[in-house]
Amino acid sequence: MAHTDWVPPVTGCEAPLPEVSSDYCDPAIEQSEFTDLYLCEKAGANFTDVTAPAEWADRLADDGTTIPAGSDATVDDLIRHLPIIGDYPKPSIATKDISGGRTGFPYKTTHVINIDVDDITVKNYQFAQFTQSMRREVKAWVKTKGGKMLGGNAGIVAVLRLDPVFARGTDSIVGLSGTLTWDKHYSPDLTASAV
């Protein structure tokens, strides 16, 4: 599956329906659980080709300050990586009744990716505290267990919030749990993952 940089139709009600595709003998089934979160500063550059491993190699730096050797990336472009468990339920779609008996659809669409982190290093815990201190947007990409990447070339501009969870029980572990939240009328682009 390759789908990147989708542009919604310019006209509304009269836009032609796009093609669809199904294979009853060999349907396209993908594992959907999220396994990895990648994020950089909101001002970070878009990818030229998010499916190119070399572009990722030029930008991956968990400390957010060390630019990989030979890279033209800036500090804002540097991408941090967190292993996660996550899901993306159906967005919340708000409509509004407008003149002529019409409905504004969607009036507002709120997307939420639920994120759990179980690798509780001091840096990860402090990163979570940082996300609690302000409502700050990041640029993000999220990888599925099936090897797909949500976010396309431009990433998902969203607010990330992580909070600690200390559960009861002898088998319980400390975790970070939170959300990546944004408003947009349509879903982010989906591509093959390069990392």
Side-chain angles (χ1 to χ4, degrees), residues 1-6 30-53 55-68 71 73-92 108-119 121 123-163 175-195:
M1 172 193 307
H3 171 198
T4 186
D5 297 333
W6 182 75
E30 300 282 348
Q31 290 183 301
S32 64
E33 183 177 85
F34 290 126
T35 58
D36 299 88
L37 173 64
Y38 299 90
L39 50 101
C40 70
E41 297 287 352
K42 179 182 174 183
N46 292 347
F47 281 91
T48 302
D49 180 0
V50 73
T51 64
E55 283 198 58
W56 283 90
D58 281 349
R59 297 180 63 178
L60 285 171
D62 284 345
D63 68 2
T65 58
T66 305
I67 296 172
S71 173
T74 68
V75 171
D76 283 349
D77 300 335
L78 296 180
I79 295 173
R80 293 139 184 88
H81 167 245
L82 274 174
I84 64 166
I85 298 170
D87 65 86
Y88 179 19
K90 182 181 181 296
S92 170
K108 180 180 177 184
T109 304
T110 301
H111 303 261
V112 177
I113 292 177
N114 299 303
I115 295 168
D116 290 316
V117 177
D118 54 16
D119 190 355
T121 64
K123 288 182 180 179
N124 289 352
Y125 192 87
Q126 289 173 339
F127 180 82
Q129 287 177 308
F130 175 82
T131 69
Q132 299 159 22
S133 67
M134 65 188 82
R135 187 184 186 282
R136 189 166 180 280
E137 291 183 320
V138 296
K139 188 177 284 191
W141 295 264
V142 192
K143 181 180 173 182
T144 70
K145 192 179 280 188
K148 300 300 183 207
M149 186 71 75
L150 198 64
N153 287 335
I156 302 165
V157 176
V159 173
L160 176 64
R161 165 106 187 191
L162 295 171
D163 291 284
L176 301 173
S177 187
T179 56
L180 192 65
T181 308
W182 72 99
D183 291 329
K184 195 162 191 173
H185 290 311
Y186 51 88
S187 304
D189 290 330
L190 184 66
T191 62
S193 174
V195 288

Completion exercise
In terms of heavy-atom contacts, Ala73 and Leu78 come closest through CB-CD2, 4.3 Å
Exercise for the section: Kindly give the heavy-atom pair with the smallest separation between Pro188 and Gly151, and that separation in Å. Expected result: CB-N, 4.1 Å
Practice task
Measure from the side-chain N and O atoms of Gln132 to the backbone N and O of Leu162, and report whether any donor-acceptor pair falls under 3.5 Å.
Solution key: yes
In a table with atom names and distances, give each donor-acceptor pair under 3.5 Å that connects a side chain of residues 83-92 to protein atoms at least two apart or in another chain.
from  : atom 1 : to     : atom 2 : distance (Å)
Asp87 : OD1    : Asn114 : ND2    : 3.0
Tyr88 : OH     : His111 : ND1    : 2.6

Exercise for the section: Kindly indicate whether the side chain of Gln31, heavy atoms from C-beta on, has any atom under 4.5 Å from the side chain of Thr144. Expected result: no
Practice task
Any chance you could measure Thr131, atom OG1, to Gln126, atom CD, to the nearest 0.5 Å?
Solution key: 12.5 Å
Practice task
Would you indicate whether the side-chain heavy atoms of Trp182 and Val157 approach each other to under 4.5 Å?
Solution key: no
Handout entry: Separation between CD1 of Ile79 and CH2 of Trp56, rounded to the nearest 0.5 Å
Key = 4.5 Å
Exercise for the section: Quick one: pull up CG in Leu60 and CG in Asp62 and give me the separation to the nearest 0.5 Å. Expected result: 7.5 Å
Handout entry: Non-hydrogen atoms of Pro53 and Ala194 that approach each other most closely
Key = N-CB, 3.8 Å
Problem - For the student: nearest non-hydrogen atoms of Cys40 and Asp76, plus distance - result: CB-O, 3.7 Å
Exercise for the section: With the side chain counted from C-beta on, respond yes when Ile115 and Val142 share a heavy-atom pair under 4.5 Å apart, and no when they do not. Expected result: no
Problem - Side-chain (Asn153) to main-chain (Val50) donor-acceptor, under 3.5 angstrom - result: yes
Exercise for the section: Using modelled atom types only, decide if a donor and an acceptor are shared between the side chain of Trp141 and the backbone of Gly152 within a distance under 3.5 Å. Expected result: yes
Problem - Any side-chain heavy-atom pair of Lys148 and Lys143 under 4.5 Å - result: no
Exercise for the section: Give a yes or no on whether the backbone of Ala45 and the side-chain of Arg59 come within a donor-acceptor separation of less than 3.5 Å. Expected result: yes
Problem - Distance (rounded to the nearest 0.5 Å) between Met149 CE and Thr191 OG1 - result: 6.5 Å
Handout entry: All side-chain hydrogen bond (donor to acceptor under 3.5 Å, both in side chains) counterparts of His185, not counting sequence neighbours
Key = none
Practice task
Quick one: closest heavy-atom pair of Ala57 and Pro68, and the distance?
Solution key: O-CG, 3.5 Å
Problem - Under 3.5 Å: donor-acceptor pair, side chain of Lys139, backbone of Gly44 - result: yes
Handout entry: Gap separating the CD atom of Glu55 from the CG atom of Asn46, nearest 0.5 angstrom
Key = 10.0 Å
Problem - Pairwise side-chain contact, Leu37 with Val117, heavy-atom cut-off 4.5 Å (strictly under) - result: no
Problem - Gap separating the NZ atom of Lys42 from the CZ atom of Arg136, nearest 0.5 angstrom - result: 10.0 Å
Practice task
Please name the pair of heavy atoms, one in Leu150 and one in Leu190, separated by the smallest distance, quoted to 0.1 Å.
Solution key: CD1-CD1, 3.9 Å
